Amino acid sequence: MASRASKPSGNDGAAPAAPGIGRPRLYTAEERRRRDATPWTLVQGVLAPVQFVVFLVSVGLILRYFATGAGYDAAVLSVVAKTFVLYAIMITGSIWEKAVFGRWLFAPAFFWEDVVSIGVLALHTVYLVMLFRGIGTVGEQFAVALAGYGAYAVNAAQFLLKLRAARLEAADRPRTLSMSDVAAQVAS
């Protein structure tokens, strides 16, 4: 696949600006085609809500442990599960980014989302190191996990805003008519 930098698109590697809007588009036409064609888009679309559900369950289990002292093992397993789902979504997300933008990470359209994702990944990994090496108290370990969860919530919001922007951009884009669209217009 050609390098993202080898394609002329202006805006320092970003897609050209949307008509009437001062910000660059998320995708060039070719990037949109690759995004829609790669199976990694579906993988991301499945893993993202799975990760969110694991996150919600885990927060509940950690808060239950803090409130009652019960359920330590379930809370720990939930953080470990959340971390492994995060690793899966980061690996497959990097593959997706390479397939769509020609870069493993830090494509201009997703630069800040990737920066925050790396922070989320670091905090989750620190939790695992603390857990498996017995570093810190249980409260300190869960505090690191919850800090990672806070960063994850920010990152999830970033991606939801990006998804919304992509949908608005798609709605703004002229639609290509199919033969059935033409036939329906002729018939009416």
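Computed from a prediction, not measured in an experiment: that's the story for all the values here.
Checking side-chain atoms of S58 against main-chain N and O of V54 turns up no donor-acceptor pair under 3.5 Å. Not one N or O on the side chain of T38 forms a donor-acceptor pair closer than 3.5 Å with the backbone of R34. Of the possible donor and acceptor atoms, one in the side chain of T41 sits under 3.5 Å from a partner among the backbone N and O of R35. With hydrogens and angles ignored, the 3.5 Å screen pairs a side-chain donor or acceptor of E140 with a backbone N or O of T137. The backbone N or O of I135 lies less than 3.5 Å from a partner atom in the side chain of Q141, making a donor-acceptor pair. Formation of a donor-acceptor pair under 3.5 Å by the E31 side chain with backbone atoms of F101 is not found in this model.
Scored by the salt bridge (charged side-chain N to carboxylate O under 4.0 Å, His left out) test, E113 finds K162 as partners (sequence neighbours excluded).
Contact between V138 and Y72 at its shortest, heavy atoms only, is CG1-CE1, 3.7 Å. In terms of heavy-atom proximity, G71 sits nearest to Y65 at C-CD1, 4.3 Å. Residues S78 and L61 share a closest heavy-atom pair of CB-CD1, 3.7 Å. Listed here is the closest heavy atom pair of R103 and P108: NH1-CD, 3.7 Å.
A 4.5 Å side-chain heavy-atom check between L105 and I118 finds at least one atom pair inside the cut-off. Using a 4.5 Å cut-off on side-chain heavy atoms (C-beta onward), S117 and Q158 make no contact. A 4.5 Å side-chain heavy-atom check between V100 and Y27 finds at least one atom pair inside the cut-off. At a threshold of 4.5 Å between non-hydrogen side-chain atoms, the residues V80 and L131 count as touching. A heavy-atom distance below 4.5 Å is found between the side chains of V115 and F106.
Note that the CG atom of L86 and the CD atom of Q51 stand 5.0 Å from one another [nearest 0.5 Å]. Note: W104 CH2 to D114 CG = 13.0 Å, rounded to the nearest 0.5 Å. Separation of atoms CD1 (I89) and CH2 (W96) is listed at 11.0 Å; rounding is to 0.5 Å.
L160 is not connected to V43 by any chain of hydrophobic side-chain contacts under 4.5 Å among Ile, Leu, Val, Met, Phe, Trp and Tyr, and they are in different clusters. Cluster annotation: L77 and I62 are assigned to distinct hydrophobic clusters (Ile/Leu/Val/Met/Phe/Trp/Tyr, side-chain heavy-atom contacts under 4.5 Å, transitive). The same ILVMFWY cluster, assembled from side-chain heavy atoms under 4.5 Å apart, contains both M90 and Y127. Hydrophobic clustering (ILVMFWY, side-chain heavy atoms < 4.5 Å, transitive): V76 and V129 are in one cluster. The same ILVMFWY cluster, assembled from side-chain heavy atoms under 4.5 Å apart, contains both L128 and I91.
Between F52 and F55, the ring-plane angle classifies as tilted under the 30° and 60° cut-offs.
Checked against a 6.0 Å centroid threshold, the rings of Y149 and Y152 do not count as neighbours.
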